[in-house]
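Starting from 1, each residue takes its place in the sequence as its number.
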Amino acid sequence: MATVISIHSFRGGTGKSNTTANLAAIYARAGRRVGVIDTDIQSPGIHVLFGLAGDEIEASLNDFLWHGRAIEDVARDVTSAAGPDTTGRIHLIPSSMKPGEIARVLREGYDAQMMTEGFRQLIAALDLDILLIDTHPGLNEETLLSLVLSDSLLIVMRPDRQDYEGTGVTARIARELEVPRVRIVVNKCPDSFDSVAVAARVEEAYSCPVAAVIPHSDEVMRLASEGIFSVRHPDDPVSALLRTVAATLVGDDG
């Protein structure tokens, strides 16, 4: 059985998609077969981290939802983004960057039940070990359905009052939906903050374990989404923290 992991944030700008791409690379480098679905159809972008430009996306999740294409047929092998010595695979299901397709989502929405059925089809067709769902920020029907199907939920937040409040809502809903494993990553934490104190505050506020407090990194900013950080800088402390997060989400942390 594949492990389904949703990566979510209540607001944009937390580093959610960067975190998702790094997790995919870490799992693939450990020999796992990984699927990544960009369900942020209104504002897609994770494809950039895997080295794809928007105009290179010839088939997308939109084709499955609206045009009758099998979801495995729109999957693209992006394993090369994880480095030459990767023993697993990464299959990306991107969302369309075409303005007309994005406008259609905003105007008409889509069948969320069909989306969740697509998750199951994809796992079976590609024999996946792990499915990563890069969700749309905030809470909507599609996000709630993905949480119901998830074995793990990673909430990515910044140490910011607006994020604190929104994260509380997400954590509470995840408990109500009985998501088996919920973890929080506090991302982009200023160097002046005590990471131990930040983790303790978050865990106390939400009764939810903190997988990592990841500091602000100039190296991450300089990379500017032109690649996957843990692949480009495997020895950086941020990469070590991301590997810890990856282990926690699949129960490899003991």
Side-chain angles (χ1 to χ4, degrees), residues 5-32 34 36 38 40 45-51 78-86 88 90 92 130 132-135 137 152-160 163-164 167 181-203 206 208-254:
I5 304 171
S6 287
I7 299 89
H8 185 69
S9 62
F10 196 77
R11 294 196 303 154
T14 61
K16 172 179 60 66
S17 293
N18 266 286
T19 300
T20 304
N22 276 281
L23 292 174
I26 290 165
Y27 291 134
R29 290 175 69 83
R32 290 178 164 110
V34 184
V36 181
D38 188 354
D40 190 1
I46 196 171
H47 56 275
V48 173
L49 291 151
F50 292 103
V78 292
T79 308
S80 60
D85 55 345
T86 300
I90 304 176
L92 173 67
I130 294 173
L132 299 174
I133 305 171
D134 186 20
T135 67
S152 296
L153 166 65
L154 182 66
I155 305 171
V156 184
M157 63 173 288
R158 295 168 299 183
D160 171 289
D163 277 16
Y164 273 112
T167 297
R181 181 183 287 112
V182 181
R183 298 292 184 269
I184 295 173
V185 161
V186 183
N187 199 21
K188 304 182 182 181
C189 190
D191 292 337
S192 59
F193 285 28
D194 182 333
S195 62
V196 175
V198 169
R201 177 184 174 190
V202 170
E203 289 186 348
Y206 308 128
C208 180
V210 171
V213 177
I214 299 178
H216 168 82
S217 168
D218 288 341
E219 288 295 332
V220 172
M221 297 299 292
R222 274 192 286 271
L223 186 57
S225 297
E226 292 185 2
I228 298 174
F229 186 81
S230 61
V231 176
R232 299 287 187 91
H233 302 279
D235 298 324
D236 191 279
V238 169
S239 297
L241 288 169
L242 288 165
R243 288 191 289 270
T244 297
V245 174
T248 299
L249 293 173
V250 294
D252 288 349
D253 56 338

[atom1]/[X] to [atom2]/[Y] distance, rounded to the nearest 0.5 angstrom?
X	Y	atom1	atom2	value
F50	I228	CZ	CD1	4.5 Å
D38	S17	CG	OG	6.0 Å
I26	T244	CD1	OG1	9.0 Å
D40	I133	CG	CD1	13.0 Å
T248	R183	OG1	CZ	6.5 Å
F229	T19	CZ	OG1	12.0 Å

*asked:* Go through it in stages, so that I can follow the logic: the residues are H233 and S239, the test is side chain to side chain donor-acceptor pair (under 3.5 Å), and I'd like the CA-CA distance, side-chain angles, deciding distance and then a yes or no.
replied: CA-CA 7 Å; H233 302 279; S239 297; over 6 Å; no
*Evaluate side-chain contact (heavy atoms from CB on, under 4.5 Å) for M157 paired with I184, printing each intermediate quantity in order.*
CA-CA 7 Å; M157 63 173 288; I184 295 173; 3.8 Å; yes
Closest heavy-atom contact between [X] and [Y]?
X	Y	answer
A28	V34	N-CG2, 4.0 Å
V231	A25	CG2-CB, 3.8 Å
D134	K16	OD1-NZ, 2.6 Å
R158	G13	NH1-O, 3.5 Å
V185	L154	CG2-CD1, 3.6 Å
S225	N18	OG-ND2, 3.7 Å

Are the side chain of [X] and the backbone N or O of [Y] linked by a donor-acceptor pair below 3.5 Å?
X	Y	answer
T167	Y164	no
R181	L249	yes
E203	P209	no
S9	P137	no
R29	A82	yes

What I'd like to find out is whether the side chain of [X] reaches to under 4.5 Å of the side chain of [Y], using heavy atoms alone.
X	Y	answer
Y27	L132	yes
P215	S195	no
H8	V156	no
S152	V182	no
V250	I5	yes
L23	T20	no
K188	T14	no

*Under the salt bridge (Lys or Arg N to Asp or Glu O under 4.0 Å) rule, collect the residues that match up with E219, sequence neighbours excluded.*
R222
*salt bridge (Lys or Arg N to Asp or Glu O under 4.0 Å) with D236: which residues, sequence neighbours excluded?*
none
*asked:* Between I7 and T135, is the side-chain contact (heavy atoms from CB on, under 4.5 Å) condition met? List the steps.
replied: CA-CA 6 Å; I7 299 89; T135 67; over 6 Å; no
*Thinking salt bridges, do D160 and R11 make one under a 4.0 Å N-O criterion?*
yes
_We want to know whether S230 and N22 form a side-chain donor-acceptor pair, criterion being a heavy-atom distance below 3.5 angstrom._
yes
